[in-house]
Protein chains: 2
Amino acid sequence: MGSRDAKNELFDALASVAKVLGNGRRAEIVDVLAQGERSVEELSSEIGQTVANTSQHLQHLLRAGLVDTRRDGTRIYYSLSSPSVSHLWGTIRQVAEEHIEHLEELATSYLGDRSTLTTMTRSELTDRLDAGDVMVIDVRPEVEFRAGHIAGATSIPVKELEERLDGLPDSRLVVAYCRGPYCVYADDAVRALGQRGIQAARLEEGYPEWQDAGLPVQTN
Amino acid sequence: MGSRDAKNELFDALASVAKVLGNGRRAEIVDVLAQGERSVEELSSEIGQTVANTSQHLQHLLRAGLVDTRRDGTRIYYSLSSPSVSHLWGTIRQVAEEHIEHLEELATSYLGDRSTLTTMTRSELTDRLDAGDVMVIDVRPEVEFRAGHIAGATSIPVKELEERLDGLPDSRLVVAYCRGPYCVYADDAVRALGQRGIQAARLEEGYPEWQDAGLPVQTN
DNA sequence: CTCATATTCAAGTAGATGATTGAATACTGA
DNA sequence: TCAGTATTCAATCATCTACTTGAATATGAG
């Protein structure tokens, strides 16, 4: 009791949770799984890796207890084992934003220049939802919308945005959201709408953060 | 924009925060620094590693932006660069407790059997502090008490406990706390007091968690 | 039963990590 | 200025990690 070896083992075990999230590809996997369950193949194309490699990353996450699996026919679906995993990933991102000085550059080179985008915080959006003077659109792929979305949002995947411009108001502000702060979909949507003269803004964060904050969601 | 390489770099950078905490020795360092600043030598003896090795771990933490340094004469003091780092470490521990199934065994083999210890949650303690029917003792080394402690607590480092039994009440409950849930000091104190017929309990968590929860603290 | 498909496993390799050792650097006090 | 102490640096080595490749396993459709 109180021995150095036992202490090392204990802290190694605690740190193992961080270790498994300490890889960019696994972090991406968790980021996607925060939107809902996915098969190995779907994940592999999301993260741009071979299926075999993706499977190995998933084994790491599984051994650490951060994901669960479910078999459906020949497919195996992975999901986060609890909302606290998504919360942890959010906390990691937050600390990274606060302490990694060149992060903004990296974000810009992936997402493009965001400085001209109108953004909205969660609390602003809740206020304006109460007031009823905004339309909220969920621009993620429809599966993700179906797995859970902000209460009152309409599903308009970015890919279908062009064909569905009719349904959008020209008087009310349109607020787009997607997977999270490092997701391109909402950026693309806001830019596209702006070019067509529709007033649009992006929610700063995405669905998982909204849910984690305990704000009203809708799951089917 | 939207390229795979840029996305990889971005997520690698986000994951780097987790990576640096994904080592047991560095996790221990953060755990200690959550109590206040420390010199390299102090840290090296805390984590049972050579000074050179400890220094290298500290360089990792420094490069990731998680710690700051301050020189005082020949010594260099390291501290957490913000409270959010301590918060992140707490979140990691929480997820580990929730998802690593053999963690309790590891904790028991380091801390001994805790099942007989009376414990108290933060909210219980705040209630009883309001009621005024408990005495709270901070059993960490006195430097840590001086760096910050629960408002109203008395400093009685475990090492001095024997000599200071006189100052303890025999009518009121004594609540001991220390660095955090994986710290032995409060366990040792509660056991020692119990053997002397003094009613004692340990606060489930420690000072950093109390502070992170926004509860009243006192810093000098 | 056989074939196609999804996933996992196993082996191999380049590169990263953590610990050790001994030397170099930086500051203090005499 | 010089000796003493705290910290960092550099080189080394065993081990681990991430990815690749190709084969093995498991399920469902026909």
Side-chain angles (χ1 to χ4, degrees), chain A residues 4-5 7-9 11-30 32-33 37-64 66-79 143, chain B residues 4-5 7-30 32-33 37-64 66-79:
Chain A
R4 172 46 54 188
D5 281 1
K7 186 171 190 179
N8 282 359
E9 280 184 43
F11 276 81
D12 284 350
L14 292 168
S16 71
V17 165
K19 187 172 198 171
V20 84
L21 285 171
N23 172 280
R25 254 32 64 219
R26 283 197 293 270
E28 277 188 68
I29 288 174
V30 170
V32 174
L33 290 182
E37 62 171 18
R38 273 324 125 86
S39 70
V40 179
E41 202 180 24
E42 287 170 324
L43 285 169
S44 85
S45 76
E46 283 278 3
I47 70 169
Q49 298 287 318
T50 63
V51 170
N53 193 17
T54 304
S55 174
Q56 306 213 54
H57 280 307
L58 287 166
Q59 302 304 310
H60 278 280
L61 289 163
L62 194 60
R63 260 178 269 129
L66 302 190
V67 298
D68 286 335
T69 61
R70 160 180 96 78
R71 184 181 268 278
D72 179 17
T74 70
R75 293 214 170 87
I76 292 181
Y77 286 89
Y78 282 82
S79 56
V143 233
Chain B
R4 172 46 53 188
D5 281 359
K7 185 171 190 179
N8 283 358
E9 280 185 43
L10 174 61
F11 276 81
D12 285 349
L14 292 168
S16 71
V17 165
K19 188 173 197 169
V20 84
L21 285 171
N23 171 279
R25 256 28 68 218
R26 285 196 293 270
E28 276 189 67
I29 289 175
V30 170
V32 174
L33 290 182
E37 62 171 19
R38 274 322 128 85
S39 70
V40 180
E41 203 182 24
E42 288 171 323
L43 285 169
S44 84
S45 76
E46 283 277 5
I47 70 169
Q49 298 287 320
T50 63
V51 171
N53 193 15
T54 305
S55 175
Q56 306 214 55
H57 280 306
L58 287 166
Q59 303 304 311
H60 277 281
L61 288 162
L62 193 60
R63 258 178 269 128
L66 301 190
V67 298
D68 285 337
T69 61
R70 161 180 95 78
R71 184 181 270 277
D72 179 17
T74 69
R75 293 215 171 86
I76 292 180
Y77 286 90
Y78 281 81
S79 56

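First the proteins, then the strands, lettered A, B, ... as listed; each starts at 1. If you're wondering where the values come from, they're calculated on a predicted model, not measured in any experiment.
Residue A:Arg71 has no polar side-chain atom (N or O) positioned under 4.0 Å from OP1 or OP2 of C:dA6. In this structure, B:Asn23 reaches the C:dG18 phosphate: one of its side-chain N or O atoms is under 4.0 Å from OP1 or OP2.
In this structure, B:Arg75 places its CZ atom 11 Å from P of C:dG29, rounding to the nearest Å. Distance, B:Arg25 CZ to C:dA19 P: 7 Å, rounded to whole Å. Atom CG of B:Leu61 is separated from atom P of C:dT17 by 14 Å (rounded to the nearest Å). Atom C1' of nucleotide C:dA19 and atom CZ of B:Arg26 are separated by 12 Å, given to the nearest angstrom. Taking atom CG on B:Asp12 and atom P on C:dA16, their separation rounds to 12 Å, with Å as the unit. Rounded to an integer number of Å, the gap from CD of B:Gln49 to C1' of C:dT17 is 14 Å. For the pair A:Asn53 CG and C:dT7 C1', the interatomic distance rounds to 14 Å; values are reported in whole Å.
One cannot find a donor-acceptor pair under 3.5 Å joining the base of C:dT17 and the side-chain atoms of B:Gln56.
A distance of 12.0 Å separates OG1 in A:Thr54 from CD in A:Glu42, rounded to the nearest 0.5 Å. Separation of atoms CZ (B:Arg75) and CZ (B:Arg70) is listed at 11.0 Å; rounding is to 0.5 Å. For the atom pair OG1 (B:Thr74) and CD (B:Glu41), the distance works out to 9.0 Å, reported to the nearest 0.5 Å.
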Intermediate values then yes/no, side chain to side chain contact (heavy atoms under 4.5 Å, CB included), B:Leu43 and B:Leu33: CA-CA 9 Å; B:Leu43 285 169; B:Leu33 290 182; 4.0 Å; yes
Stepwise side chain to side chain contact (heavy atoms under 4.5 Å, CB included) check, A:Arg38 with A:Tyr78: CA-CA 5 Å; A:Arg38 273 324 125 86; A:Tyr78 282 82; 5.9 Å; no
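Taking for each of A:Gly22 and A:Thr74 the nucleotide of DNA chain D with the nearest heavy atom, the 5'-most of the two is the partner of A:Gly22. Along DNA chain D, the nucleotide nearest to B:Glu41 and the one nearest to A:His57 differ in position, and the one closer to the 5' end is contacted by B:Glu41. Ranked by how close their nearest DNA chain C nucleotide is to the 5' end, B:Ala52 and B:His60 are led by B:His60.
A salt bridge between B:Arg4 and A:Glu28 is present, with a side-chain N of the basic residue lying under 4.0 Å from a carboxylate O of the acidic one.
Contacts of B:Tyr78 with the nucleic acid, taken as non-hydrogen atoms under 4.0 Å apart, involve only primed sugar atoms and P, OP1 or OP2. Heavy atoms of B:Val40 sit under 4.0 angstrom from primed sugar atoms or phosphate atoms, though from no base atom. Looking at heavy-atom distances under 4.0 Å, A:Gln59 makes contact with sugar-phosphate atoms alone, never a base.
Mapping heavy-atom proximity under 4.0 Å, the span of DNA chain D touched by chain B runs 5' to 3' from D:dA6 to D:dA10.
With hydrogens and angles disregarded, a donor-acceptor distance shorter than 3.5 Å links the side chain of B:Arg26 to the backbone of B:Val20.
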